[in-house]
Amino acid sequence: MPEFLLAFTAFVALHSIPAVPRIRGTLIGWMGHGSYIAAYSVVSTAALAWLFLSALSLDYVEVWQPEPWQAWCTLLLSPIGLFLVLAGLFSRNPFSISFRKKGEPDAIVAVTRHPVLWGFLCWSIGHIPPNGDLRSLLLFGGFSVFSAGGFLMLERRARRAFETRWPVASSQTSVIPFAAAIKGRARLRIDRPMAAAMLCTIVLVFWLLAEGHAALMGAGPLVFLRA
């Protein structure tokens with residue numbers, strides 16, 4: 001448990017401290033934007049791997065018994081979450097997490113201005129029901145809380161960045177998915193980043209269902225349907 005708590009603390013710190021504008025600006029000024037993104041991606045992946053490995057090393061303590069219906073939560077929410085994460089990272093989005101911050105927002109921003117956070121939240125919540133053990137509840141429940149808290153942090157950062165332009169800029173998007181489109185303030189469409197995210201999601205989901213998830217985590221998601 002101490003290693004798991006240390007790994008989770010490192011994961012949270014890695015995703016919170018660089019989000020401070022002064023720290024992020026200093027790092028980008030020192031490394032350059034491209035090098036910063038590349039280094040941050042590598043370190044983030046390593047921290048995530050450490051967190052999963054430390055969670056898997058914990059003893060199995062059952063909290064509730066698995067049922068076949070629980071697997072559908074993962075099978076439905078995880079692809080949605082994966083698409084939102086990829087679309088958010090691929091698209092230009094000055095409001096939130098993205099590999100491309102500069103320029104006019106791409107199409108995914110009309111859905112929500114925080115697609116990566118929503119994707120991570122969908123993915124983490126979708127993994128809670130079929131994993132009824134304490135370590136999974138701590139891991140995926142912690143991810144869910146971290147994602148939910150991220151909305152407040154990124155909203156504050158975006159407001160500071162846009163300053164007086166915030167009311168006009170934010171009027172064409174929303175935090176809640178599809179809220180701006182339903183109110184007629186945004187037009188839904190599909191652009192190249194969204195299409196690329198859809199294609200990558202389809203390929204990754206098929207790979208995970210076929211053998212990828214079992215290779216990574218030791219069990220395939222379809223096994224739970226036959227439990």
Side-chain angles (χ1 to χ4, degrees), residues 11-29 31-41 43-45 48 77 79-125 143-198 200-201:
F11 177 84
V12 172
L14 181 63
H15 289 79
S16 301
I17 295 175
V20 177
R22 182 175 299 177
I23 297 176
R24 178 183 172 89
T26 300
L27 291 173
I28 292 177
M31 301 174 62
H33 188 268
S35 298
Y36 168 79
I37 293 297
Y40 186 77
S41 300
V43 175
S44 297
T45 302
L48 187 61
L77 287 176
I80 295 173
L82 180 58
F83 165 74
L84 287 173
V85 168
L86 292 176
L89 293 177
F90 293 167
S91 301
R92 288 189 298 266
N93 184 358
F95 298 98
S96 191
I97 303 168
S98 174
F99 289 149
R100 305 163 64 202
K101 303 289 291 185
K102 297 181 179 180
E104 291 297 317
D106 283 328
I108 192 63
V109 181
V111 178
T112 173
R113 57 178 171 263
H114 300 300
V116 174
L117 283 181
W118 276 111
F120 204 53
L121 186 61
C122 287
W123 172 82
S124 55
I125 290 177
F143 282 152
S144 300
V145 172
F146 174 73
S147 300
F151 288 105
L152 297 176
M153 181 180 66
L154 291 180
E155 278 291 284
R156 287 197 298 266
R157 189 173 74 181
R159 287 176 181 270
R160 287 195 299 266
F162 277 89
E163 297 179 336
T164 58
R165 297 177 292 122
W166 174 255
V168 175
S170 62
S171 66
Q172 300 177 30
T173 181
S174 60
V175 175
I176 305 301
F178 300 106
I182 292 173
K183 294 179 180 179
R185 295 189 282 107
R187 181 175 64 88
L188 297 178
R189 58 189 178 89
I190 297 177
D191 59 3
R192 289 184 178 180
M194 286 182 69
M198 288 180 185
C200 291
T201 298

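The minimum heavy-atom distance between Leu117 and Leu154, with the atom names listed, is CD1-CD1, 3.4 Å. Contact detail for Ala110 and Arg187: the closest heavy-atom pair is CB-O, 3.7 Å. Across all non-hydrogen atoms, the minimal contact from Leu121 to Ser144 is CD1-O, 3.5 Å.
Side chain of Thr173 to backbone of Ser170: no donor-acceptor contact under 3.5 angstrom is found. Although no hydrogens or angles enter the test, the distance criterion places no donor-acceptor pair under 3.5 Å between the side chain of Arg92 and the main chain of Arg100. Counting only distance, with no hydrogens or angles, the side chain of Ser174 and the backbone of Ile176 share a donor-acceptor pair below 3.5 Å. Although no hydrogens or angles enter the test, the distance criterion places no donor-acceptor pair under 3.5 Å between the side chain of Thr201 and the main chain of Pro79. Side chain of Asn93 to main chain of His114: no donor-acceptor pair is present (N/O by atom type, distance under 3.5 Å, no hydrogens or angles).
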Yes or no on side-chain contact (heavy atoms from CB on, under 4.5 Å) for Ile97 and Val85, after CA distance, side-chain angles and deciding distance? CA-CA 9 Å; Ile97 303 168; Val85 168; over 6 Å; no
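Heavy-atom neighbours of Arg192 CZ from other residues, nucleotides or ligands within 6.0 Å: at or below the threshold of 12. Atom CD1 of Ile190 sits in a sparse spot, with 12 or fewer heavy atoms from other residues, nucleotides or ligands closer than 6.0 Å.
Put simply, the side chain of Ser44 reaches to within 4.5 Å of the side chain of Leu14, judged on heavy atoms.
Between Phe95 and Trp166, the two ring planes are perpendicular [angle over 60°; tilted spans 30° to 60°].
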